[in-house]
Amino acid sequence: MKFRKGIQRVMTCAMAVLLAAAMTAPVYAATNPFAQMEAQSRQAVEAAIKAGTVPPGTTIYDCMYGTDKNGVTIVIQYKDKNGSWIDVVTQEKKEYLPGTFTEKLSDETLAEYAAEVFRLVNEEREKAGLYLLERDAELDHAAIARANECVSVNSIYVDGKAHTRPNGSSWETVLDDMGIDWTSVGENSSSGRTSASDVMNAWLNSDGHKANILTQKRTQIGIGVRQASDGTLYWIQIFNRP
């Protein structure tokens with residue numbers, strides 16, 4: 001246990017390696033950019049099936065995407081029945097790191113992803129009959145800093161340890177460095193997820209991560225999403241009670 005100003009700190013860290021190849025998870029209301037992305041993915045898969053470049057029955061979760069010269073979403077690879085990634089042009093096996101984008105995402109897009117994570121967190125809390133978390137700007141800065149640290153080592157691990165900073169210190173020291181007061185904190189981290197709904201589904205299917213999301217010990221949340229040079233997204237949630 002750690003103490004500060006006579007107050008006992010409680011830290012809960014959930015740990016996981018989260019890898020997936022999904023473009024998005026299901027969202028059916030076409031009122032946000034994530035639903036629009038899903039609709040574009042479905043259209044791309046339908047077009048590829050019609051053209052005979054991917055097998056019938058292929059779903060949006062079995063594909064990787066790019067854009068053509070007109071900015072239209074297209075399928076660039078699909079996963080066959082053996083789990084191998086196949087290039088739609090050559091129909092040859094092609095290695096692809098799941099959970100990455102072929103294009104660099106803008107800061108605005110990453111901010112939209114973070115905002116969607118926040119919405120989904122409070123949606124889950126509302127379903128559970130819990131009070132809603134407040135999104136805090138200082139915690140956002142801390143979460144972005146942590147996501148950038150993951151980008152710097154291209155992993156959510158440092159020397160095999162999760163929730164550890166590149167200098168070897170525990171993750172919550174980022175709050176100390178920024179002068180953020182805390183008494184009870186938790187961090188969720190993930191890499192290799194390509195949508196807010198995808199990463200939330202993964203966290204909610206992990207007991208430790210879900211406990212952080214549905215905690216009654218904390219009142220605030222900060223969210224950071226950053227992208228590494230190889231396209232991998234790093235997702236961080238920080239939960240706090242000042």
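- Between A44 and I74, the shortest heavy-atom contact is CB-CA, 4.0 Å.
- Follow the hydrophobic side-chain contacts under 4.5 Å out from I223 and you reach L120 in the same cluster.
- The line from CZ of R241 to OG1 of T183 is 3.5 Å long, rounded to the nearest 0.5 Å.
- By the 4.5 Å heavy-atom criterion applied to side chains, I86 and Q77 are not counted as neighbours.
- Connection of L132 to L204 is not established within any shared hydrophobic cluster, with ILVMFWY side chains joined at heavy-atom distances below 4.5 Å, either directly or through further cluster members.
- What you find for G224 and A143 is that their closest heavy atoms are N-CB, 3.3 Å.
- Of the possible polar contacts, none joining the S152 side chain to the C150 backbone as a donor-acceptor pair under 3.5 Å is found.
- Applying the 6.0 Å contact sphere to CG of N167 captures more than 12 heavy atoms from other residues, nucleotides or ligands.
- A donor-acceptor contact closer than 3.5 angstrom links the side chains of S184 and R218.
- Annotation for E126: atom CD does not count as buried by contact number, only 12 or fewer foreign heavy atoms lying within 6.0 Å.
- M178 has its side chain within reach of V174: a pair of non-hydrogen atoms, C-beta onward, lies under 4.5 Å apart.
- Side-chain N or O atoms of W235 include one that pairs as donor or acceptor with a backbone N or O of R193 at under 3.5 Å.
- The heavy-atom pair separating G192 from T232 by the smallest distance is N-CG2, 3.8 Å.
- Distance check: S41 OG to E46 CD gives 11.0 Å after rounding to the nearest 0.5 Å.
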Check the pair D136 / N240 against side chain to side chain donor-acceptor pair (under 3.5 Å), numbers first and verdict last.
CA-CA 9 Å; D136 181 78; N240 183 37; over 6 Å; no

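- Side-chain atoms of S170 do not come within 3.5 Å of backbone N or O of T164 as any donor-acceptor pair.
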Apply side chain to side chain contact (heavy atoms under 4.5 Å, CB included) to the pair H163 and S189, showing each step before the final yes or no.
CA-CA 8 Å; H163 310 291; S189 61; 3.6 Å; yes

E123 and R119: salt bridge (charged side-chain N to carboxylate O under 4.0 Å, His left out), yes or no, with the steps?
CA-CA 6 Å; E123 182 179 87; R119 186 188 72 79; 3.1 Å; yes

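- To the nearest 0.5 angstrom, I49 atom CD1 is 11.0 Å from Y78 atom OH.
- Here the CG atom belonging to D181 is positioned 8.5 Å from the CD atom belonging to E138, to the nearest 0.5 angstrom.
- When side chains are defined from C-beta on, M200 counts as touching Q237, because their heavy atoms get closer than 4.5 Å.
- Of the N and O atoms on the side chains of W182 and D176, at least one donor lies less than 3.5 Å from an acceptor on the other residue.
- Here the side chains of D87 and I76 are not in contact, with every heavy-atom distance at 4.5 Å or above.
- Looking at R165 and T173, their side chains do bring a donor and an acceptor atom within 3.5 Å of each other.
- Checked against salt bridge (charged side-chain N to carboxylate O under 4.0 Å, His left out), D140 has the following partners two or more places apart in sequence or in another chain: R135.
- Within the model, atoms CD1 of I60 and CD of Q40 stand 11.5 Å from one another, a figure rounded to the nearest 0.5 Å.
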Hey, mind stepping through I221 and I238 against side chain to side chain contact (heavy atoms under 4.5 Å, CB included) and telling me if it holds?
CA-CA 6 Å; I221 187 173; I238 294 179; over 6 Å; no

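- The nearest pair of heavy atoms linking L233 to Q227 is CD2-CB, 3.6 Å.
- Contact annotation: the side chain of V45 never approaches that of T59 to less than 4.5 Å [non-hydrogen atoms, C-beta and beyond].
- Using a distance-only test at 3.5 Å, with no hydrogens or angles considered, no donor-acceptor pair links the side chain of Q220 to the main chain of L139.
- In this structure, CG in L130 is found 11.5 Å from CD1 in I213, a value given to the nearest 0.5 Å.
- Looking at R226, its side chain never comes within 3.5 Å of a backbone N or O of Y234 through a donor-acceptor pair.
- Between E187 and R146, the closest side-chain pair of non-hydrogen atoms falls below 4.5 Å.
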I would like to know whether E134 and T219 meet side chain to side chain contact (heavy atoms under 4.5 Å, CB included); could you show each step before the answer?
CA-CA 6 Å; E134 172 190 355; T219 59; 5.8 Å; no

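- Other residues sharing the hydrophobic cluster of I144, ordered by chain and number and joined by side-chain separations under 4.5 Å: none, the residue standing alone.
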Mind running side chain to side chain contact (heavy atoms under 4.5 Å, CB included) on N188 and I236 for me, showing each step along the way?
CA-CA 6 Å; N188 281 348; I236 299 290; over 6 Å; no

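- Side-chain contact annotation: Y113 with E108, donor-acceptor N/O pair under 3.5 Å absent.
- A donor-acceptor pair is defined here as one N or O able to donate and one able to accept, closer than 3.5 Å; no such pair exists between the side chain of S191 and the backbone of S155.
- In the hydrophobic clustering of ILVMFWY residues, with side-chain heavy atoms under 4.5 Å counting as a link, L105 and V225 come out together.
- Looking at W171 and V185, their side chains come closer than 4.5 Å, going by heavy atoms from C-beta outward.
- Here the closest non-hydrogen pair linking A142 and L175 is CB-CD2, 3.7 Å.
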